[in-house]
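The first residue in the sequence is number 1, and the count goes up from there.
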Amino acid sequence: MKSETGDKLLGRQRLRERVEGWRSGGERIVLANGNFDLLHVGHVRYLRAAKELGGKLVVAINSDESVRTLKGTGRPIMPAEERAEIVAALADVDAVVVFPELDVRALIREIRPDIHAKGTDYTEESVPERGVVAECGGRVAIVGDAKDHSTSEIIRSRLGPRRP
């Protein structure tokens, strides 16, 4: 028997099917994305605020390779499968998918979210995927608390410098 967390961890095809079912049932689809390396309170507040927009919350997590490209050597600290399982364990999250691209444009085209939720380190104008979101009929929402928390800062301030 699959756990509730296991039922939330989906590949791209299964995610498309799940989203189609939710949408045909009248649900709104909200997409949030990020690395989620060392889950912290900023992540929890971001995802809770995204869920409060209403509907089903899909969280897209960067693959290990894309995190390395974006963040550098020594990252991620935890592998994608573990990061995905931890995020899926959050009550506010309805589905989790790992994606290999550097941004979520392709996934946005696939699932066509009603809302693409981004953290407060962005403005609506600075969201890289905003054009694709609009093309797909959705809107961007900036959610969460002020960007006072980051995994990179936690590593620097609490764990010291990482060695490659």
Side-chain angles (χ1 to χ4, degrees), residues 1-67 70 76-122 124 127-147 149-151:
M1 183 166 108
K2 279 189 175 180
S3 70
E4 183 177 323
T5 300
D7 290 343
K8 292 180 182 181
L9 300 171
L10 306 172
R12 297 278 271 263
Q13 178 60 37
R14 188 75 184 99
L15 176 63
R16 286 190 298 272
E17 293 166 3
R18 180 85 47 97
V19 166
E20 184 179 307
W22 286 334
R23 189 167 275 127
S24 68
E27 293 284 356
R28 176 185 303 188
I29 307 301
V30 179
L31 174 66
N33 71 285
N35 298 321
F36 300 98
D37 198 10
L38 293 185
L39 191 68
H40 56 70
V41 70
H43 292 134
V44 172
R45 291 171 181 167
Y46 163 55
L47 295 176
R48 178 159 298 135
K51 180 66 173 181
E52 288 172 355
L53 295 169
K56 297 294 186 176
L57 177 59
V58 175
V59 180
I61 295 179
N62 291 79
S63 69
D64 294 344
E65 186 175 325
S66 68
V67 173
L70 294 166
I77 293 170
M78 296 187 317
E81 296 76 21
E82 291 179 15
R83 292 182 282 126
E85 185 176 340
I86 290 167
V87 170
L90 298 174
D92 292 318
V93 174
D94 296 296
V96 176
V97 65
V98 175
F99 69 100
E101 300 90 353
L102 296 179
D103 65 44
V104 289
R105 287 180 177 102
L107 186 62
I108 289 167
R109 287 184 180 101
E110 290 174 34
I111 68 168
R112 305 178 70 83
D114 299 287
I115 304 171
H116 181 41
K118 295 295 274 189
T120 57
D121 47 336
Y122 290 93
E124 287 187 28
V127 171
E129 305 89 359
R130 71 184 170 98
V132 173
V133 173
E135 287 171 21
C136 292
R139 69 178 177 91
V140 169
I142 306 301
V143 300
D145 64 349
K147 182 73 173 182
H149 312 91
S150 80
T151 300

Other residues, nucleotides and ligands only: do more than 12 of their heavy atoms fall within 6.0 Å of CZ on Arg48? no

Which heavy atom of Val98 sits nearest a heavy atom of Ala80, and at what distance? CG1-CB, 4.0 Å

Give a yes or no on whether Glu85 atom CD has more than 12 heavy-atom contacts from other residues, nucleotides or ligands under 6.0 Å away. no

Taking CD in Glu20 as the centre, count heavy atoms belonging to other residues, nucleotides or ligands within less than 6.0 Å. Is the count above 12? no

Applying side-chain contact (heavy atoms from CB on, under 4.5 Å), run through Val127 and Ile142 and close with a yes or a no. CA-CA 9 Å; Val127 171; Ile142 306 301; 4.0 Å; yes

Parallel, tilted or perpendicular: which fits the ring planes of Tyr46 and Phe36, with parallel below 30° and perpendicular above 60°? parallel

Between Val30 and Pro113, is any pair of side-chain heavy atoms under 4.5 Å apart? no

To the closest 0.5 Å, what do you measure between CG (Leu39) and CD (Glu82)? 13.0 Å

Look up atom CZ in Arg112 and atom CZ in Arg16, then write down how far apart they are to the nearest 0.5 Å. 13.5 Å

Lys8 (side chain) donor-acceptor with Leu90 (main chain) under 3.5 angstrom: yes

Check: Pro128 main-chain N/O paired with Arg105 side-chain donor or acceptor under 3.5 Å: yes

Quick one: are Val97 and Ile111 in side-chain contact, heavy atoms under 4.5 Å? no

Rounded to the nearest 0.5 Å, the CD atom of Glu129 sits from the NZ atom of Lys118 at a distance of 4.0 Å

Determine the minimum heavy-atom distance between Asn62 and Leu102, stating which atoms define it. ND2-O, 4.0 Å

Contact summary for Ala32 and Leu57, nearest pair of heavy atoms: CB-CD1, 4.1 Å

In terms of side-chain geometry, is the basic nitrogen of Glu101 or Arg12 positioned less than 4.0 Å from the acidic oxygen of its partner? yes

Worked verdict on Glu27 versus Asp94 for side-chain contact (heavy atoms from CB on, under 4.5 Å): CA-CA 12 Å; Glu27 293 284 356; Asp94 296 296; over 6 Å; no

When rounded to the nearest 0.5 Å, the distance separating CZ of Arg130 from CZ of Arg139 is 15.5 Å

Taking every heavy atom of Thr120 against every heavy atom of Gly144, the minimum-distance pair comes out as CG2-O, 3.4 Å

How far apart are the closest heavy atoms of Val96 and Ala84, and which atoms are they? CG1-CB, 3.7 Å

Separation of Leu53 CG from Leu31 CG (nearest 0.5 Å): 11.5 Å

Might you work through the side-chain contact (heavy atoms from CB on, under 4.5 Å) test for Arg23 and Asp114, ending with a clear yes or no? CA-CA 10 Å; Arg23 189 167 275 127; Asp114 299 287; 3.7 Å; yes

Just so I know, are the side chains of Glu52 and Val143 near enough to count as touching, which here means a heavy-atom distance under 4.5 Å? no

For a side chain to side chain contact (heavy atoms under 4.5 Å, CB included) with Val58, tell me which candidate from Val93, Ile29, Asn33, Leu10 qualifies. Ile29

Rounded to the nearest 0.5 Å, what's the gap from CZ on Arg18 to CG on Asp7? Could you check? 6.5 Å

Locate the shortest heavy-atom distance separating Asp37 from Met78; write the atom from each residue and the value. OD1-N, 3.1 Å

Please test Asp64 against Arg83 for side-chain contact (heavy atoms from CB on, under 4.5 Å), starting from the C-alpha separation and ending with a verdict. CA-CA 10 Å; Asp64 294 344; Arg83 292 182 282 126; 2.7 Å; yes

